[in-house]
Amino acid sequence: MLNLQANLRVTPIVGDTYFHYSRFYDAAMQIRHWNFSYFQTNYGFDQSGRIINAMYGPLFAYGMGLLLLIVHSWFRFKLISAFLLAFIGTSGMYALCLRATKKQGISLLASLTYLGVSNLTLWQSVSNFRAVSAMLAPFVMMCAWRMLTDHQRPISWLQLGVTMAVVGQVHLLSCFIFATALLPFFIVGLLKADNRKQVWLNFGGAIALALILTMNVWLVLLHFFTSEKIFTPDAMNLAFSSLRLTDLPHEISVFTTETLLVLTLLNGLYLLLHLQEDKANNWIFGVGLAMLLMSSSLMPWGFIQTKLPVLQTAFQNPKRLMIASDPLLILSLGLTISHLIDNAADKQSVIKPIAISLLGLTCLGGIIKGTNLNNYYSYSARIMKDINHSAYSRDLSLLFKYCRTVASPDYLPQYKLMSNEHAEVLYQKEIINRKQIFDHRVLANGQLEITWVNHLRSAKAKLPIVMYQESRLQTQDKLLSKDAIGVPTVRSKKGLNRAVLAFNAPAWFSPCIIIVLAGWLAAIFALLFGKRLRLLKDARA
């Protein structure tokens, strides 16, 4: 599919592409100009000064921004980032299955199956962030496998803490999804552990480490959602957005979803008939199946959202739970195949048909998905010539001149109670439609200068920026008011006018960043050299 996109020379801008590309562009420009503004967005999102990255995977955004600077164009960025996500995700699935089965061939088949049927390819097709979480999922499930099988030390506080911290720096909501999936494994690991007290200590250490390494994310969220009113993401109907079999024919990934369901059904029938052969596999399959069912319309999401309406904005899409079910179900399949091979009299007679069947399903799924994407990309190539041309340019800002701006109100300040739909209309009217008549320039220390010319003797001017409680606006005259989403109105004199927007970070933020960075350096050092130091210590003893 990457080859398909490269041949057609298309950069699809669909789904969440604008939202994430604006995040990465802002981070890239901060790095390029070495002019950092952790909170205030000065380059992306219409240069409106709104706060996005600080609340949504900040370190991952800076990493993707650095990648964007290295590859020089959005077209290359799309191809290379999609390849990296797929490569890391499949490598993680290979390592997980190899650790469980000790068989390279089965692990390779499992990794290819994961590539074919999981959410990994959603980043390339529709820029869905579930692909990024799917990339990390196998590494989280390595912790689950350890809890299930290592009775002496079910939890490594360093492994679990760092793994969940990485997830938190990418997508905080995925931490809660993975924690839900890990809970059954933790219970089993605790019950079967030789030293339960040590398990609790390691568990507490993992939580403490993860909290320290993600302080810059959750503390910022707590600060903004307690100190002022913030617009949450759009509310979604959980029942409608869950995995529904009746909607599968309308999805690009229809075949891969059906393939996973068929493989799960066959594996489940086998395990049901051989319950006593591999209890670990039964548990893995059971948890994976439970997560899959929870992501579907079989779960009473309509009733749940009436009792917990906050989930409509905080959780939005039950299909997100599939990031935890996919690697578990594929790992279970790998364990089943490994068991079949170990117990077969003629191993070759079992290996060949299984390998051919899995590869055939994966390839066929790729062909069908590729056909659908070929139609989509061909259509995009015809109607999106300006966008595709700008995606080739080394001028990274050129894409946003042709890419349709999305008036999403996520994390905007809310000074007046109103719906997200009304906030979108207001944002479109006051910022997107008027930003061209103002000049924007990024100053030192992350400040944003807005200039405009007034031909009248005296007037009022609404500036195409937003202000939070801790935003500060320096003007030549008086700040008169702020509207429902924080757009300021100032007194405008005749001639050239100037205003400078800045954000005063909370006093606790600088120490927080120092602790987080120091924590990551210490964690990386421990991961790289901790085992070696322990071996040297044991050798001397």
Assess, by modelled atom type and distance only, whether the side chains of [X] and [Y] contain a donor and an acceptor separated by less than 3.5 Å.
X      : Y      : value
Gln316 : Asp234 : no
Gln40  : Asn42  : yes
Asp26  : Gln30  : yes

[atom1] ([X]) with more than 12 external heavy atoms under 6.0 Å:
X      : atom1 : answer
His33  : NE2   : yes
Phe36  : CZ    : yes
Asp395 : CG    : yes
Phe176 : CZ    : no

Do any N or O atoms from the side chain of [X] and from the backbone of [Y] form a donor-acceptor pair under 3.5 angstrom?
X      : Y      : result
Thr163 : Leu160 : no
Gln47  : His440 : no
Trp123 : Phe83  : no
Gln447 : Ala502 : no

Between Phe509 and Phe39, does the ring centre distance come in under 6.0 Å?
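Distance test on ring centres: under 6.0 Å, yes.
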
Check for me whether the distance between the ring centres of Tyr411 and Phe224 falls short of 6.0 Å.
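Aromatic pair excluded; centres sit 6.0 Å or further apart.
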
With side chain to side chain contact (heavy atoms under 4.5 Å, CB included) as the test, pick out the partner of Val490 among Leu480, Leu473, Ile450.
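Single side chain to side chain contact (heavy atoms under 4.5 Å, CB included) partner of Val490 among Leu480, Leu473, Ile450: Leu473.
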
Going by side chain to side chain contact (heavy atoms under 4.5 Å, CB included), Ser81 matches just one of Leu67, Val132, Val71, Leu68. Which one?
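One option only clears the test, and that one is Leu67.
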
From Arg498 atom CZ to Gln474 atom CD, the distance as rounded to the nearest 0.5 Å
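Reported value, rounded in 0.5 Å steps: 7.5 Å.
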
Take Gln312 and Phe315 through the test side chain to side chain contact (heavy atoms under 4.5 Å, CB included) and record every step on the way to the result.
CA-CA 6 Å; Gln312 292 183 273; Phe315 183 53; over 6 Å; no

Show, in sequence, the C-alpha distance, side-chain angles and deciding distance for Phe77 and Tyr21, and conclude whether the ring pair (Phe, Tyr, Trp, His ring centres under 6.0 Å) test is met.
CA-CA 10 Å; Phe77 174 79; Tyr21 277 23; 5.7 Å; yes

Anything under 30° is parallel, anything over 60° is perpendicular, the rest tilted; go ahead and classify Tyr38 against Tyr62.
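Plane angle under 30°, so parallel.
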
Verdict with reasoning, Ser174 to Ile323, per side chain to side chain contact (heavy atoms under 4.5 Å, CB included):
CA-CA 8 Å; Ser174 294; Ile323 62 173; 3.9 Å; yes

Kindly determine whether Phe129 and Phe60 satisfy ring pair (Phe, Tyr, Trp, His ring centres under 6.0 Å), including the steps that lead there.
CA-CA 12 Å; Phe129 220 63; Phe60 182 75; 5.7 Å; yes

Could you walk me through whether His171 and Tyr56 satisfy the ring pair (Phe, Tyr, Trp, His ring centres under 6.0 Å) test, starting with their C-alpha distance in whole Å, then the side-chain angles of each, then the deciding distance to 0.1 Å, before giving a yes or no?
CA-CA 7 Å; His171 191 225; Tyr56 196 122; 5.6 Å; yes

